[in-house]
Every structure is written in C-alpha cells, then in structure tokens.
Colleague: 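One structure, pasted below without further comment.
Whatever order the structure lists ligands and atoms in, that order sets their numbers, starting from 1. A quick note: this is a predicted structure, and the numbers were derived from the prediction, not measured. Every heavy atom of this structure was used, including side-chain atoms; hydrogens, water molecules and symmetry mates were not.
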Amino acid sequence: MEIDVITLFPTMFEGVLNESILKIAQEKGRLQVRLHQLRDYSNDPHHKVDDRPYGGGPGMVIKPEPVFAALRDVEGRHPSIAKGRRLILSPQGRVLNDEFAQELSQEENLLLLCGRYEGFDERVHQGLDLEEVSVGDYVLSGGELAAMVVIDAVTRLLPGVLGNDQSIASESFHEGRLDFPQYTRPFDFEGRRVPDVLLSGNHERIRHWRENEAFRKTYEKRRDLVDFDSGGERNSEPTV
Ligand code: 9D3
C-alpha cells in the first residue's frame, strides 16, 4: 500500500513510522509512506497557510490554495493515488473502527490530509472529493495523530505484515469481544498463580475457558459490545 500524507507537521510521523510493525511493513515492501509538507505549497511570501475566519471568531482557518496545490502536485507525481481513497482527518468524520479499517486495507493507495487550527476553508470540502474520517469523540489538536492511528490500524491488516494472519482473525473486536486473559512465566508471581487449566494440556478445556473469560470480561467492561439493551453505553457500572 502507498500512503501519501499532507501535513504541516511531517516530523511528527517519523518516530511512529520507524518502530515496530510500521517499520517492518515498510522494510518488507508492504507499505510506503510519503510525507508532504503543506507549507511548501503556500502561495504567500511568508509561507503562511492559514488566515483569520471571515465573519470573525477565534482561531485560524487553513486557506484553500495550498491544499489544492498540494493535492494537484502530489497526484501529478503519483498517478496511482487516483485509484485509491482520499481521506481528510476531521472530528466530523465517519468514526474509524475495525470494519472501516478492513475496508481501507483493501486499497492500493490512500491519501491523508491532516488539518490544524479551526479546520479547512469550506471550499476544500466542496471542491475536493475527500472522505472525512474521525478517530473518536474527543478533541485532538490536529489530524496528525488521527492519521497515524489510521495508518497503524490499516497496516496491520495488510497481508504478510503480521506474518501470522491467524492472530488477526481471532483478534479483539473482530468478533465483537475483548481478548481472553494471557499469562506467561513465572507460574507464581508474588503469590498470584497462573490458572491451572492453562497447564492442563487439555486444549478443549483451555479453548472453553478462554471463550468464557473473554465473554465475562466483555460483559464487565464493555457491555455495549454484547448487549443491545445497554443503549451503546460504554464502561457503565455493572448492574448485577
Ligand atoms: C469540534 C471542534 N471544532 C469546533 C470549532 C474545532 C476543532 C477542534 C479540533 C477542529 C479541529 C480540531 C483538530 N482535530 C482534528 O483535526 C481531528 C480529530 C479530532 O479532534 N478528534 C477525533 N478525530 C479527529 S480526526 C482529525
């Protein structure tokens, strides 16, 4: 997958892209990320990309010209972008979940546009065919962290990235429940021992225990995932 990111803070991405799964995915040739500095496309002698909102009010708005120029240039240099999806990170967007990430992981190209300040001039939304994506209902300082969340969630779904495709298939949320508890050595840590069933060697019993624990944990911590009557309430206190 090729991902182009247009941002005012390309260096924010470097640490994240150069560790762990994202680093390995790039080394394996499964992921290529190109970072583009929006400021380089400013039409202003002082490289300004924002200005005060018409009608007054607090904060600054990102001007349309640099955004249109950046998209035009980046798409001109990498025509395959036209085959993929173009996303704008925005608190008003479709909220990312595993289903959405699965959908995005089918693409060969993604373009991510990150905002700052009070957002983009409305003509960016009108004139460019961009899908708005949010990563949840809380306010971030900009789209960069959200873009990194999208890149991470999508990359680990690409074939050949995790090596063990089975670990994706049996993962949390995929089947609408949380993970079962995991233990490793030592057997006894400060008096807390590993459940006997895990040492029994009885794989049928172990599978049953894990299934049960996963359900119990989900019911306690995220009842909204198992119970339609909880009205989507998250982290609510157990009523029993
Ligand atoms: C809803 C707040 N807006 C009211 C005027 C202002 C605003 C606040 C924060 C506009 C943009 C931002 C920066 N956030 C993002 O760019 C962002 C984001 C987020 O804040 N939460 C969850 N997902 C995302 S994706 C991009």
Side-chain angles (χ1 to χ4, degrees), residues 1-17 21-22 31 33-42 47-71 74-75 81 84-107 109-157 172-173 222 224-225 232-235:
M1 176 180 275
E2 294 179 22
I3 303 181
D4 288 274
V5 183
I6 299 173
T7 168
L8 286 167
F9 300 98
T11 57
M12 279 183 73
F13 289 78
E14 284 165 13
V16 169
L17 291 171
I21 305 284
L22 293 179
L31 173 70
V33 182
R34 292 181 290 254
L35 301 168
H36 310 278
Q37 170 57 271
L38 181 63
R39 201 172 296 286
D40 293 345
Y41 296 93
S42 169
H47 301 289
K48 241 169 72 100
V49 294
D50 60 341
D51 209 334
R52 292 170 306 165
Y54 272 111
M60 299 289 269
V61 177
I62 298 183
K63 293 153 62 67
E65 301 97 320
V67 179
F68 278 71
L71 255 101
V74 172
E75 290 189 338
I81 293 170
R85 288 164 76 164
R86 308 195 306 181
L87 313 179
I88 181 168
L89 285 308
S90 152
Q92 282 125 39
R94 172 179 171 192
V95 179
L96 186 71
N97 58 16
D98 260 338
E99 186 194 348
F100 194 5
Q102 294 268 5
E103 220 180 283
L104 295 175
S105 72
Q106 309 297 309
E107 303 289 335
N109 281 85
L110 294 179
L111 185 135
L112 307 178
L113 177 59
C114 305
R116 282 269 149 178
Y117 317 115
E118 293 307 306
F120 293 95
D121 184 288
E122 186 60 23
R123 289 160 297 185
V124 167
H125 300 282
Q126 292 169 348
L128 301 168
D129 183 31
L130 301 162
E131 291 177 65
E132 289 186 290
V133 181
S134 164
V135 296
D137 295 336
Y138 40 82
V139 180
L140 297 171
S141 318
E144 284 77 14
L145 285 166
M148 288 184 247
V149 167
V150 171
I151 293 171
D152 188 84
V154 167
T155 300
R156 52 199 308 295
L157 297 173
S172 174
F173 291 111
R222 289 291 307 276
D224 60 298
L225 292 177
E233 193 66 47
R234 293 188 176 191
N235 303 319

Colleague: Please examine the side chains of Leu113 and Arg86, heavy atoms only from C-beta on, and report whether any two atoms are closer than 4.5 Å.
Modeller: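 No, their side chains stay 4.5 Å or more apart.
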Colleague: Starting from atom 17 (C) of ligand 1, find the nearest protein heavy-atom neighbour and note its residue, name and distance.
Modeller: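 Answer, as residue, atom name and distance: Pro91 CD, 3.7 Å.
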Colleague: Tell me, do Val154 and Met1 make a side-chain contact under 4.5 Å, heavy atoms counted?
Modeller: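 SC-SC contact between Val154 and Met1 confirmed.
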Colleague: Please verify whether a non-hydrogen atom of Asp137 lies at under 4.0 Å from ligand 1.
Modeller: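 No, Asp137 has no heavy atom closer than 4.0 Å to ligand 1.
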Colleague: State the atoms of ligand 1, each with its element, that fall below the 4.0 Å cut-off from a heavy-atom position in Val133.
Modeller: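 Checking each atom against Val133, I get 25 (S).
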Colleague: Are side-chain heavy atoms of Gln37 and His47 found at a separation under 4.5 Å?
Modeller: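 Contact flag for Gln37/His47 side chains = no.
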Colleague: Students should be able to answer this: which protein heavy-atom is nearest to atom 22 (C) of ligand 1, and at what distance?
Modeller: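 Protein heavy atom with the smallest distance to atom 22 (C) of ligand 1: Gly136 O, 3.1 Å.
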Colleague: Measure from the side-chain N and O atoms of Ser42 to the backbone N and O of Pro66, and report whether any donor-acceptor pair falls under 3.5 Å.
Modeller: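 Side chain of Ser42 to backbone of Pro66: no pair is present.
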Colleague: Please give me the minimum heavy-atom distance between Leu8 and Glu144, naming the atom from each residue.
Modeller: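 Heavy atoms of Leu8 and Glu144 come nearest at N-OE2, 3.8 Å.
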Colleague: For atom 14 (N) of ligand 1, grab the closest protein heavy atom and report residue, atom and distance to one decimal in Å.
Modeller: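 For this ligand atom, the closest protein heavy atom is Leu140 O, 3.5 Å.
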Colleague: Measure across Val95 and Phe100 and return the closest heavy-atom pair with its distance rounded to 0.1 Å.
Modeller: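 Nearest heavy atoms, Val95 then Phe100: O-CD2, 4.0 Å.
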Colleague: Considering all heavy atoms of both residues, which atom of Pro53 and which atom of Pro58 are nearest to each other, and what is their separation?
Modeller: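 Closest pair (atom of Pro53, atom of Pro58, distance): CG-O, 4.1 Å.
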Colleague: In the complex you have, is atom 2 (C) of ligand 1 within reach of the protein, judged by whether a heavy-atom distance drops under 4.0 Å?
Modeller: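 Under 4.0 Å from atom 2 (C) of ligand 1, zero protein heavy atoms found.
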Colleague: I need the nearest protein heavy-atom contact for atom 4 (C) of ligand 1: residue, atom name and distance, please.
Modeller: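 For this ligand atom, the closest protein heavy atom is Glu118 OE1, 4.4 Å.
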Colleague: Taking all atoms of both residues into account, what is the closest heavy-atom pair of Cys114 and Leu89, and its distance?
Modeller: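 Looks like SG-CD2, 4.5 Å.
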Colleague: Can you name the closest pair of heavy atoms from Glu2 and Arg34 and give their distance?
Modeller: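 Where Glu2 meets Arg34 most closely, the heavy atoms are OE1-NH2, 2.9 Å.
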Colleague: What is the nearest protein non-hydrogen atom to atom 23 (N) of ligand 1, stated with its residue, atom name and distance?
Modeller: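 Heavy-atom neighbour on the protein nearest atom 23 (N) of ligand 1: Val135 N, 3.0 Å.
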Colleague: One residue to check: Ser90. Relative to ligand 1, which of side chain, backbone, both or neither has a non-hydrogen atom less than 4.0 Å away?
Modeller: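 Near ligand 1, Ser90 shows its backbone, while the atoms from C-beta on stay back.
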Colleague: Can you pull out the closest protein heavy atom to atom 8 (C) of ligand 1? Residue, atom name and distance to 0.1 Å, please.
Modeller: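 Result: Val139 CG1, 3.6 Å.
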Colleague: Below 4.0 Å, non-hydrogen atoms only: which portion of Ser134 touches ligand 1? Side chain, backbone, both or neither.
Modeller: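 Ser134 to ligand 1: contacts from backbone and side chain alike.
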Colleague: How about atom 25 (S) of ligand 1: does it have a protein heavy atom within less than 4.0 Å?
Modeller: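 It does: a protein heavy atom is found less than 4.0 Å away from atom 25 (S) of ligand 1.
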Colleague: Kindly confirm or rule out an N or O of Gly119 lying under 3.5 angstrom from an N or O of ligand 1.
Modeller: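 By distance alone, the answer is no.
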Colleague: Give the atom numbers and elements of ligand 1 that come within less than 4.0 Å of a heavy atom of Gly143.
Modeller: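 Counting from 1, the qualifying ligand atoms are 15 (C), 16 (O), 26 (C).
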Colleague: Could you tell me if the side chain of Ile88 sits less than 4.5 Å from the side chain of His125, heavy atoms only?
Modeller: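 The answer is yes; the side chains approach within 4.5 Å.
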Colleague: Identify, for atom 21 (N) of ligand 1, the protein heavy atom at the shortest distance, and state residue, atom and that distance.
Modeller: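 Looking at atom 21 (N) of ligand 1, the protein heavy atom closest to it is Tyr138 O, 2.7 Å.
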